[in-house]
Amino acid sequence: MFEEPEWVEAAPAAVGLRPATTQTRPATAPPVKGRKRRHLLATLRTLEAASLSQKSPSPPGSDSEEEEEEVGRKKKYLQRPSLANASKEVGEKRKRKCQKQVSSISDTEGKCHTQTLLGGISAKEEKGKKKCQKYSHSHPTQHLNNVDHTAVHTSRTSTAPVNPPKRGPESTPCDSSHTLSRKQWRNRQKNKRRHKNKFRPLQTPDQVPPDQVPPVASTEETEVPPAPELDSQQTRAGALRARMTQRLDGARFRYLNEQLYSGPSSAAQRLFQEDPEAFLLYHRGFQKQMKKWPLHPVDRIAKDLRQKPASLVVADFGCGDCRLASSVRNPVHCFDLASLDPRVTVCDMAQVPLEDESVDVAVFCLSLMGTNIRDFLEEANRVLKLGGLLKVAEVSSRFEDIRTFLGAVTKLGFKVIYKDLTNSHFFLFDFEKTGPPRVGPKAQLSGLKLQPCLYKRR
C-alpha cells in the first residue's frame, strides 16, 4: 500500500553501530499520516538518542536546545573570576615576591656570620624577612604549600644528592635567624657563647701567658691577718653597748627627775649624798635637754645682771655647773644639792649658810623643785636686803594659774615689777622685796603648788 523508504529499513541496524557517526536529518520528509507518521517519529528519536550517547556525556534531560544554552551559561559563569580567585592570585604574587627576597638573602648566606658580628643584617633584608614572616603568619597554609611545592620541585630537578657541610655544635645555620624574632636570635647567640665557654679547657699556670700572670704579693702583705670580720663584730657590739647604756642613762635621768619634783629637798639631798654619781648622771641628762631648748633662761638672767652695777651681791639657788657665776662680774654665792664646781656650796636650799639681808639679788633658775617651794622663797626673803631683787625663771607648763602664783608670792613679802610670758617654753618674773612675809608659817598658799616637769620617753 505504502512503500517505506530505504533509509528507514537501515535505521535499526544503525542503532547497534559502535563507531560514532553523525547522521543528518533529511531536509524534507514525505508527508506521512496516521500510524506510519508516529512510527517514523519514534525511529528518528531512537537515532538521535544513539548519536547523543556516542558523544560527550551531558546532564540528563538535555534534549532541547534551551537546556544546552543553560549549560553553556553555567560554564561561562563558573569561568568568571570570583573574589576567591582574585585573592589567590594576589597571594601567588606575594609568594613570588617573598621567594625572590628569600633567594636574594640565601645568596648572602656565606656572609651571615660576619654581618651578625658587625651589627646584624642590613635594613633592607630585615624588612624583607619581616614581610615574609608576616605573610607566612597571616597565610600559614599557603606558606606550607609553597614550601612543599618547592621541596618537590628541587627533589625532582636535582639529579644527585648534595651533602651540606657539617657544622659543629657551636654554629647553627644562618637561615634559622630568618624565621626567628630578634630577641630569639639574641638568646640563641647567648646560649652559643655559654656552650662555648662551658667546654673550654681550663688553663694551667704553665699555659697562662706571662702578660696575664698577676703580680705576686710580698710576704709582709700576705701575712696580715684577715681581721675585718672581727672588727665589724666588735664595732657592732660596741654600738649596741653604747645604745643600751644610753637608754639606761635616760631611764635613770627620768627617775631622778621625778624624785626631785615629787619629794622635799631634804630627801633629794640624802639621795645625792648616798649616790654621788647620780647627780653627775642627772646633770648630764639635763645638759642634753638644754640643747633642745630655743632659749637658755640663765643667759637671759646673766644679760640683765650685766646691765646692773657689778658691786651687787648675787645668791644663785640651784646653780648646777656655775654658769651664771662664770657669765657676770658680780660676786655670786652658788648653792646646790651636789658639787660640780669648787665654787659650789653643797646644802639644802631651804637652809643656806648666809646671814640675814646680806645679798642684793636672789636667783631661782629652773630650781623651784620639790614640794617645799614656800621654804625656798621664805629663805630668799630672809637673805635679801630690803628692796632687793628676786629673779625667777620656770618652765611654762608648770603653771596652771599665773595670777594665783603671783598672789601667793606677794604674800611672802614681794611685789611683781616685771614679767615675760612671751616665750613658749619659759616664763620670767622679777620681784622686789617689800618686807617680811605677811602670813604665818601655817597659812596655806595654794598658788605655790606647781606641776612637776616630767620628761617622757622618746
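Reckoned from all heavy atoms, side chains included, excluding hydrogens, waters and symmetry mates. Along the sequence shown, residues are numbered consecutively beginning with 1.
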Please report the closest heavy-atom contact between [X] and [Y], naming both atoms and the distance.
| X | Y | answer |
| --- | --- | --- |
| L384 | A362 | CD2-N, 3.7 Å |
| C365 | V298 | SG-N, 3.7 Å |
| Q269 | D348 | OE1-CB, 3.4 Å |

- Message: For the CD atom on Q246, are there more than 12 heavy atoms of other groups (residues, nucleotides or ligands in this structure) within a distance under 6.0 Å?
- Response: no
[X] side-chain N/O to [Y] backbone N/O, donor-acceptor pair under 3.5 Å:
| X | Y | value |
| --- | --- | --- |
| E379 | M349 | no |
| T245 | A242 | yes |
| E432 | I417 | no |
| N381 | L412 | yes |
| R306 | S327 | yes |
| R382 | L354 | yes |
| D360 | L389 | no |
| N257 | F253 | no |

- Query: In terms of the angle between their ring planes, are F335 and H333 parallel, tilted or perpendicular, with boundaries placed at 30° and 60°?
  - Reply: parallel
Does the side chain of [X] reach to within under 4.5 Å of the side chain of [Y], using non-hydrogen atoms?
| X | Y | result |
| --- | --- | --- |
| L390 | K433 | no |
| E277 | R252 | no |
| V439 | R374 | yes |
| Q451 | S397 | no |

- When you look at R438 and T410, which way does the side chain to side chain contact (heavy atoms under 4.5 Å, CB included) test go after all the steps? CA-CA 9 Å; R438 292 179 293 178; T410 55; 4.0 Å; yes
- Task: Could you give me the CA-CA distance, side-chain angles and deciding distance for V314 and N330, then say whether side chain to side chain contact (heavy atoms under 4.5 Å, CB included) is met?
- Result: CA-CA 7 Å; V314 180; N330 304 73; 4.0 Å; yes
- What about F429 and F399, are their ring centers closer than 6.0 Å? yes
- Are F376 and S367 close enough, and set up right, to give a side chain to side chain contact (heavy atoms under 4.5 Å, CB included), and what steps lead you there? CA-CA 10 Å; F376 300 157; S367 58; over 6 Å; no
